[in-house]
Amino acid sequence: MCGIIGILGDRPVAPLLLEGLKRLEYRGYDSAGIATLDSGGIVRRRAEGKLAGLEKLLAADCPPGRTGIGHTRWATHGAPSENNAHPHATANVAVAHNGIIENFQELRAEVTARNPNAVFTSETDTEVIVHLVDLLLADGLSPRQALARVLPRMEGAFAFVMIFRGAEDLMIGARRGSPLALGYGDGEMFFGSDALALAPLTRRICYLQEGDWVVARRDGAEIFDAAGLPVQRETVQTALSGALIGKGNYRHFMEKEIHEQPTVLGDTLSTMLNPARQTVTLPDMPIDLSRIGKITICACGTACYAGLVAKYWIEGLAGVPVEVDVASEFRYRESPLPADGLGLFISQSGETMDTLEALRRCRQAGQAILSVVNAPESSIWRESDAVLHTHAGPEIGVASTKAFTTQLMALACLAMGLARARGVLPPAREAALAAALAEIPGRVAEVLAADAHIAGLAALLKEARNVLYLGRGPAWPIALEGALKLKEISYIHAEGHAAGEMKHGPIALVDKDTPIIAIAPDGPLFEKTLSNVREAAARGGQVIFLSSKEGLKRMRAQAEPVAAIEMPAVDPFVAPILYAVPVQMLAYHTACLKGTDVDQPRNLAKSVTVE
Ligand code: BG6
């Protein structure tokens with residue numbers, strides 16, 4: 001999963017490519033490169049590691065040219081290295097690619113059979129594309145004819161941009177599965193993985209559709225569909241800002257984003273709740289919520305845990321059966337989908353391929369499609385019947401924080417909206433829940449004020465080999481999320497468990513060196529949670545107890561935890577939103593103590609657009 005950009009410019013292109021790649025680094029940061037056309041020849045500059053490495057290289061040796069392509073990588077085939085970095089090239093063609101060419105070995109064998117002198121210099125699947133095109137150019141085909149031949153041969157998901165030696169006013173782009181946008185400038189043309197990368201260059205964007213490919217020149221573009229027929233595609237004016245987001249006075253984007261939560265939770269709630277009437281006001285949607293018979297929630301990573309919390313809320317309040325699936329499994333599972341079913345997709349980026357493909361599967365199965373998305377104009381946003389927008393703003397830190405809590409805020413409102421549409425949410429209960437939701441931004445600010453205390457607890461986790469997170473009911477997904485946060489950014493092994501499930505196996509992991517993070521909000525499951533925590537403590541587990549003043553008193557009446565985080569007392573319904581914050585902070589401070597790369601942890605990326 002990578003970020004790609006292509007520019008047919010009327011000014012030196014290398015600095016523009018670099019600026020564009022800075023806006024695409026969330027898609028991958030293990031190596032990067034650019035290729036430009038200089039008086040006909042292809043010139044490449046590539047570097048292993050973060051974009052800063054390429055930036056340094058270009059500062060010392062910037063290739064000329066007004067035509068060029070760029071790439072930032074998240075390795076799929078071949079280790080992160082300069083050799084495997086894109087763009088890949090022969091003397092005649094260069095390509096920057098996002099996706100996976102599944103039949104690349106077969107195509108490689110074909111190239112080698114036809115041209116035994118063909119030299120493959122990388123371990124990537126991508127490189128075969130340039131060799132295939134090169135063969136056809138050698139047969140006398142034009143670049144356009146060559147692409148028309150090559151595209152049907154490629155299996156898998158891809159988006160790529162391509163330049164050709166001696167063709168300074170030509171760039172070809174194609175997409176199947178992975179997203180690609182085309183940008184119209186004044187005497188310039190652009191390609192990008194998303195509109196965000198192009199925002200500083202143009203606001204006139206065309207989102208290419210499945211199977212589209214484009215022959216672009218500075219004065220315009222011809223768009224073809226998968227059958228090779230010319231097509232017209234809509235051009236929209238993007239509202240996305242090109243401004244690069246700064247960290248402000250924070251050390252990391254993640255820290256900033258954790259501290260932005262009171263504001264963005266308020267912003268998200270203000271679009272879905274009428275504080276005066278204390279009622280939910282979901283955006284109008286072409287979906288009759290009162291007639292939904294079953295809900296299938298699909299998402300990945302942190303977003304999937306938001307879906308798990310929503311299952312408790314929706315089933316509890318609205319009585320609609322909910323199934324939650326990790327999208328990569330749902331995609332290939334033959335689960336029956338009823339005619340009156342709703343597919344509910346949750347995604348910060350709106351570009352996660354597994355979730356997008358799960359959405360397309362539900363679409364094919366006649367489900368209504370509702371999504372909770374943070375990134376406007378993203379693929380999942382555009383392919384849904386309706387969207388609940390989480391107003392978290394751009395989230396740069398790879399480990400999701402504010403997007404998660406705003407997803408929960410939106411899903412809580414959805415659960416209430418569903419219950420009211422089905423006539424099972426009495427006005428007094430709706431008003432009480434609305435009031436509890438409206439309190440959340442302030443309560444989160446109270447937890448953030450305990451930052452120094454929580455930072456101090458990180459020392460208890462820093463040296464741990466295993467950390468266990470426990471919760472019951474809707475607090476269980478928060479335990480899963482807490483463990484994921486710690487894994488993502490501190491690289492400490494951690495597991496989240498339903499507290500009641502511990503005694504059926506995971507409790508074997510507990511010893512005097514195992515920190516146990518107990519998530520115990522007030523509510524009907526508090527006592528049960530307490531007894532499960534006691535079972536772990538009895539085996540030496542080092543309990544860090546998260547609960548209200550009253551909850552802590554009841555815990556301490558039975559056993560003194562190693563440490564505690566006193567949480568504001570809130571309605572049990574909204575507790576998952578609030579209890580997500582201290583587990584984010586614990587993970588953040590532990591990672592800082594360990595000195596890991598908090599914003600761009602190893603092996604991860606902000607959005608994965610390959611399967
Ligand atoms: C991973 C991110 O790549 O994708 C996670 O590192 C995220 O933070 C997951 O939760 C799902 O992403 P999205 O954009 O679909 O919510």
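Nothing here was measured: the structure is a model prediction, and the numbers come from that model. Order of listing sets the numbers, starting from 1, for every ligand and every atom in it.
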### Query
Which atoms of ligand 1 have any heavy atom of T302 under 4.0 Å away?
10 (O)
### Task
Please determine if Q407 has a nitrogen or oxygen closer than 3.5 Å to a nitrogen or oxygen of ligand 1.
no
### Query
Just which atoms of ligand 1 are under 4.0 Å from any heavy atom in A303?
10 (O), 16 (O)
#### Entry: Atoms in ligand 1 flagged as close to V608, the criterion being non-hydrogen separation under 4.0 Å
3 (O)
#### Entry: Closest protein heavy atom (residue, atom, distance) for atom 4 (O) of ligand 1
K606 O, 4.1 Å
#### Entry: Q348 and S400: side chain donor to acceptor below 3.5 Å
no
### Query
Just by distance, with hydrogens left out, do H86 and N98 show a side-chain donor and acceptor under 3.5 Å apart?
no
## Note on the structure
In ligand 1, the atoms that come under 4.0 Å of a heavy atom of Q348 are 13 (P), 14 (O), 15 (O), 16 (O)
### Query
What part of A299 sits under 4.0 Å from ligand 1 if we count only heavy atoms: the side chain, the backbone, both or neither?
neither
### Message
Is a donor from one side chain sitting under 3.5 angstrom from an acceptor on the other, for N374 and S349?
### Response
no
### Query
In terms of side-chain heavy atoms, does K402 have a donor or acceptor partner in T263 at a distance below 3.5 Å?
no
### Task
Would you kindly specify which portion of L604 sits under 4.0 Å from ligand 1, judged on non-hydrogen atoms: side chain, backbone, both or neither?
neither
### Query
Minimum heavy-atom separation for T405 to L265, with atom names?
O-CD2, 3.4 Å
#### Entry: Modelled atom types, side-chain donor and acceptor of Y588 and E257, under 3.5 Å
no
### Query
Which residue supplies the protein heavy atom nearest to atom 12 (O) of ligand 1, what is that atom called, and how far is it?
T352 OG1, 3.3 Å
### Task
Check whether any side-chain heavy atom of I492 lies under 4.5 Å from a side-chain heavy atom of T590, and answer yes or no.
yes
### Query
Given that the side chain starts at C-beta and the backbone is N, CA, C, O, which of these parts of E488 lies under 4.0 Å from ligand 1, counting heavy atoms, or is it both or neither?
side chain
### Query
Evaluating non-hydrogen atoms only, which member of C300, G301, A605, S607 is closest to atom 1 (C) of ligand 1?
A605
### Task
Below 4.0 angstrom from a heavy atom of S349, which ligand 1 atoms are there? Numbered from 1 as shown, please.
13 (P), 14 (O), 15 (O)
### Numbered atoms and elements of ligand 1 in range of S400, under 4.0 angstrom, heavy atoms
8 (O)
### Query
Less than 4.0 Å between a side-chain N and a carboxylate O, is that true for K50 and E55?
no
### Query
Can a donor-acceptor pair be found between the side chains of T238 and E377 at a distance below 3.5 Å?
yes
### Message
Could you identify the single nearest non-hydrogen protein atom to atom 8 (O) of ligand 1 and state the distance to 0.1 Å?
### Response
V398 O, 3.0 Å
